[in-house]
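By convention in this document, chain letters (A, B, ...) are assigned in the order of the sequence lines, proteins followed by strands, and residues within each chain are numbered from 1. Just so you know, these numbers use all the heavy atoms, side chains as well, and skip hydrogens, waters and symmetry mates.
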Amino acid sequence: MASPYVEGETGLTDIEIADVSQHVGEEIRIKGWLYNRRSSGKVHFMLVRDGTGTIQAVVGKGEVSPEVFELADSLGQESSIVVSGVVRADARAPGGYELVLSSLEVVQSVSDYPISPKEHGVAFLMAHRHLWLRSRRQLAILKVRAELVRACRDFFDDRGFVLIDAPIFTPAAVEGTTTLFEVGYFNDTAFLTQSGQLYMEAACMALGKVYCFGPTFRAEKSKTRRHLTEFWMIEPEVAYCDLEGDMRLAEELVVYVVERILEKRREELDILERDTAPLERVRAPFPRISYDDAVKRLQEEGSEFTWGSDFGAPDETLLSNQYDQPFHVHHFPVGCKAFYMKRDEETSKHCRGFDTLAPEGYGEIIGGGQREDNLENLERRIAEHGLPREAFEWYLDLRRYGSVPHAGFGLGLERTLAWICNLPHLRETIPFPRLLDTVYP
RNA sequence: UCCUCGGUAGCUCAAUCGGCAGAGCGGGUGGCUGUUAACCACUAGGUUGCAGGUUCGAGUCCUGCCCGAGGAGCCA
């Protein structure tokens, strides 16, 4: 049986709005939704969107039946419609092309769509996130996000990395459980992953170069523009790699993805009114500053920051404003970083870890470093941090059987996207954000 | 958890010193043959977050609570 929506079975040429310029003069059909409607009495203008773009359908009285003319004027915003007609280039049309409507099929007539083309508050939009996604700005962000994901994958795939999926359920408390989401696991308890890194360390000893890309969960009581409770991280891990190699990999990745977005998603950046000049400046190698020098820099600027603590948001912003492209901060004090971070033998106070901070006040988008590969050192670290050794036996095995220097990092997808799109808040970077007090819709 | 600000029509907001609760958008009705978040006219639409208090009189002042936003802390 013929389907009314399968091309070739209806005798009509179905096109996507993004392709209208290739169909000027042809009679075609578009399946979409009514974005907005205007009229000047004898001519109605229906702004139709289909996800690939928007086009105005012109409905002239006398050119269609009185019933269709009436119908076109009665539809509410977001009514689902299938429109047919001839594509015409016209300077008066938004986008330069319009559809001279000959027939109109109403799949559903809608009234009282909640989101009008006027301004709305954040709380209202968040409560209607499922509908907010249809707006022009959100479409643009989601398309850049999809391109960013693809660019990350291509970067690693093209360099011989193997995609390894890390588990979402993880066993027993590694460190304090306060930042982990606890879930029932049959008659036991499991936790949602905070990072796939430890598993990537195992995988890189098998495959050399690996990465994982998936959601991570943090049960932190953070109520800021830079935190989500569920976010996506891409985490590469490389055997026979040190801090220097790790930082080079990180900057090559950032340069690659920024170039890709500039190449493929300029139109979306335009919609977002993103000034692309700061993105055009991104190139490797990134400026590097040691933690010690960063502390000096902060103190010169009048901050009361003391050696040994981790940077707070204002500190990151202050540093970030001194560079016009991303930069690495490296060699943090051992107290700032995790138990698995390799110590620098020369100073013993520092570890071979780094953060990459995005400019324009965005701060940390990457955190990583070289891992402790010596069994005795790692055992000592686990004890010093008061961690349950039995939970790490499998991890210690990696240092018993063919241990090598290795390093990796995690890139926060949403923070990177927020910077690339110049968004004020992380909540717009993910389709359905999970925040401290938001799990709906 | 702490600090700051806010909650008035479906949405965005206004309401002077405590004195008749309003506008724009959206909805409805009518008009307009090229609109660009169209425009014009008319119209419907209110438990001013909740509970209590002060007052002749409370959207406005006081107390408590709820909800939201921004920030801080927190953040292998």
How long is the straight-line distance from CD of A:Glu235 back to OG of A:Ser195, given to the nearest 0.5 Å? 3.5 Å
Look at the side chain of A:Pro117 and decide which nucleotide, out of B:U35, B:C74, B:A37, has an atom nearest to it. B:A37
Hey, does A:Ala93 reach any base, or is it just sugar-phosphate, or nothing, if we go heavy atoms under 4.0 Å? base
Answer yes or no on whether A:Arg159 is positioned over the face of A:Phe155, meaning its NZ or CZ is under 6.0 Å from the six-membered ring centre and within 45° of the axis. yes
With the side chain of A:Ala338 defined as its heavy atoms from C-beta on, choose the nearest nucleotide among B:G73, B:G27, B:A76. B:A76
For the student: nearest non-hydrogen atoms of A:Asp292 and A:Trp307, plus distance: OD1-NE1, 2.7 Å
What nucleotide, of B:C74, B:U12, B:G27, holds the atom closest to the side chain of A:Asp112? B:G27
Regarding A:Ser111, tell me which of base, sugar-phosphate or nothing describes its non-hydrogen contacts under 4.0 Å with the strands shown. nothing
Using the side-chain heavy atoms of A:Ser39, tell me which of these nucleotides is nearest: B:C32, B:G26, B:C75. B:C32
So, with a heavy-atom separation below 4.0 Å from RNA chain B, the residues of residues 400-430 of chain A are A:His425, A:Arg427
Give a yes/no answer on whether the side chain of A:Lys223 brings an N or O atom under 4.0 Å of OP1 or OP2 in B:A69. yes
Sugar-phosphate only, base, or nothing, as touched by A:His44 at under 4.0 Å among non-hydrogen atoms: nothing
Quick one: label A:Asp90 by what it contacts on the DNA or RNA (base, sugar-phosphate, nothing), any heavy atom closer than 4.0 Å. base
Report yes or no: is the cationic atom of A:Arg399 (NZ for Lys, CZ for Arg) closer than 6.0 Å to the six-membered ring centre of A:Tyr395, at no more than 45° off its axis? yes
Mind checking the CE-CZ spacing from A:Met46 to A:Arg38? Nearest 0.5 Å is all I need. 12.0 Å
Whole angstrom is fine here: how far is it from CZ in A:Arg38 over to P in B:C40? 15 Å
Identify whether the distance between the nearest side-chain nitrogen and carboxylate oxygen of A:Glu244 and A:Arg288 falls below 4.0 Å. yes
Name the nucleic acid region contacted by A:Pro94, choosing base, sugar-phosphate or nothing; use a 4.0 angstrom heavy-atom cut-off, strictly under. base
Taking the side chain as every heavy atom from C-beta outward, state whether A:Arg29 and A:Val82 have any atom pair closer than 4.5 Å. yes
What dot-bracket string describes RNA chain B from 5' to 3', counting Watson-Crick and G-U wobble pairs whose defining distances are under 3.5 Å, with [ ] for crossing pairs and | for pairs to another strand? (((((((..((((.....[..)))).(((((.......))))).....(((((..]....))))))))))))....
Starting from C1' on B:C39, measure out to CZ on A:Phe45 and report it in whole angstrom. 13 Å
Heavy atoms only: give me the nearest A:Ala166-A:Tyr199 pair and the separation to one decimal. CB-CB, 4.4 Å
Which of these nucleotides, B:G34, B:A37, B:G26, is closest to any side-chain atom of A:Arg92? B:G34
Any base atoms under 4.0 Å from A:Tyr113, or only sugar-phosphate, or nothing? Heavy atoms, all strands. nothing
Could you grab the distance from atom CZ of A:Phe286 to atom OH of A:Tyr323, nearest 0.5 Å is fine? 13.0 Å
Ranking B:G34, B:C32, B:A72 by distance to the side chain of A:Val58, first place goes to B:G34
Within the 4.0 Å heavy-atom criterion, would you say A:Gln56 contacts the bases, only the backbone, or no part of the nucleic acid? base
